[in-house]
Amino acid sequence: MSRSTKPPITIQVVDDDKEIVESIRDFLSRKGYSVHTAHTAHEGLEQIDRFSVQISLIDYKLPDMTGIDMLKAVKEMAPATLIILISGYASIDATAKAINQGAYDYLAKPFRFDELETVLFRATERIAQTERLRRIRTRNLVLAASLPIWVWLGYLLATYFFR
């Protein structure tokens, strides 16, 4: 992943298992991501306030609230943040509930790093696509705002040359 002109994607890992957090943090750091870690939902929510987290990996079962509850809180605080729930208790119902509540994806523990990398690649592509659309919309708004000026100038020129 080349990130020569853009700052790295900021990823948050929230899991009460310190070994999992450390291994994911080390892996993501080696891949060039900016990584913040938390062991509770409240700690993770404070980070959402402090950092511009673009992707949040949230464990489904945290000591102070469920991953679904944290997902809802993150979506209220930072709607653009993509959330990937991770859980050792994966089921079809849990996955469906997570996606219905706004999760970008769901990974069952234990997962391989190549699975995580695939999900993160898709998520970063989504972020890049969203940013491109935002730039296009901004450009189109500027063009639309300047259209009356061009119409007015056209009218003046036509009036001057074709009177």
Side-chain angles (χ1 to χ4, degrees), residues 1-139 141:
M1 285 181 227
S2 172
R3 303 200 197 295
S4 57
T5 58
K6 295 186 284 187
I9 296 287
T10 302
I11 298 178
Q12 173 189 60
V13 182
V14 184
D15 196 316
D16 58 334
D17 186 325
K18 291 177 182 10
E19 288 180 26
I20 288 175
V21 169
E22 286 179 26
S23 65
I24 293 173
R25 182 196 63 222
D26 292 346
F27 173 76
L28 295 177
S29 294
R30 283 193 309 273
K31 293 292 180 180
Y33 294 103
S34 172
V35 184
H36 299 280
T37 62
H39 300 291
T40 67
H42 287 92
E43 191 181 342
L45 292 173
E46 287 174 10
Q47 288 179 354
I48 294 290
D49 257 353
R50 239 181 307 150
F51 306 110
S52 183
V53 174
Q54 294 161 295
I55 301 171
S56 185
L57 298 169
I58 302 172
D59 187 22
Y60 196 81
K61 291 197 179 196
L62 293 167
D64 52 346
M65 71 174 65
T66 68
I68 294 291
D69 290 336
M70 183 174 174
L71 178 150
K72 291 175 187 175
V74 170
K75 284 297 176 186
E76 284 182 23
M77 296 168 67
T81 300
L82 297 182
I83 298 168
I84 300 165
L85 280 179
I86 54 178
S87 177
Y89 310 97
S91 70
I92 301 282
D93 289 340
T95 304
K97 184 175 182 181
I99 300 300
N100 286 337
Q101 293 296 324
Y104 174 74
D105 210 333
Y106 192 96
L107 282 171
K109 289 190 222 173
F111 53 83
R112 296 185 324 267
F113 284 135
D114 62 329
E115 293 173 299
L116 175 60
E117 192 169 19
T118 300
V119 170
L120 290 176
F121 176 78
R122 286 194 335 264
T124 57
E125 286 296 308
R126 162 81 65 83
I127 291 167
Q129 183 180 40
T130 301
E131 180 58 26
R132 282 191 299 275
L133 287 173
R134 188 196 60 74
R135 283 193 313 269
I136 289 169
R137 286 185 182 124
T138 301
R139 185 191 71 216
L141 284 174

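- Residues Ile24 and Val35 are not in side-chain contact: their nearest non-hydrogen atoms beyond the backbone lie 4.5 Å or more apart.
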- Task: Any chance you could lay out the salt bridge (charged side-chain N to carboxylate O under 4.0 Å, His left out) test for Asp15 and Lys109, step after step, and finish with the verdict?
- Result: CA-CA 12 Å; Asp15 196 316; Lys109 289 190 222 173; 2.8 Å; yes

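- Counting all heavy atoms, side chain and backbone alike, Ala98 lies closest to Leu85 at CB-CD1, 3.3 Å.
- With hydrogens and angles ignored, the 3.5 Å screen pairs a side-chain donor or acceptor of Thr81 with a backbone N or O of Val53.
- Using bins of under 30°, 30° to 60° and over 60° for the plane-to-plane angle, the ring pair Phe27/Phe113 lands in the parallel bin.
- Gln54 approaches Ile9 most closely through the heavy-atom pair OE1-CA, 3.2 Å.
- Ion pairing between Glu76 and Lys72 fails under the 4.0 Å rule for side-chain N and carboxylate O.
- Ile84 pairs in a side chain to side chain contact (heavy atoms under 4.5 Å, CB included) with only one of the listed residues (Val119, Ile58, Leu71), which is Val119.
- Residue Ile48 comes nearest to Ala78 through the heavy atom pair CG2-CB, 4.0 Å, listed as atom of the first residue, atom of the second, then distance.
- With rounding to the nearest 0.5 Å, the separation of CD1 in Ile11 from OG in Ser29 is 9.0 Å.
- Contact of the Leu28 side chain with the Leu120 side chain is registered, since non-hydrogen atoms from C-beta on lie closer than 4.5 Å.
- Of the possible polar contacts, one joining the Asp64 side chain to the His42 backbone as a donor-acceptor pair under 3.5 Å is found.
- Dense packing is recorded around CZ of Arg122, with more than 12 heavy atoms of other residues, nucleotides or ligands lying under 6.0 Å away.
- For the pair Val74/Ile83, a side-chain contact is recorded, criterion being any heavy-atom separation below 4.5 Å from C-beta on.
- In plain terms, the two heavy atoms of Gln101 and Ile68 that are nearest each other are CG-CG2, 4.0 Å.
- The two residues Ser56 and Gln12 have their closest heavy-atom pair at OG-OE1, 2.6 Å.
- Shown here for Ser34 and His36, the closest heavy-atom pair between the two residues is OG-NE2, 4.0 Å.
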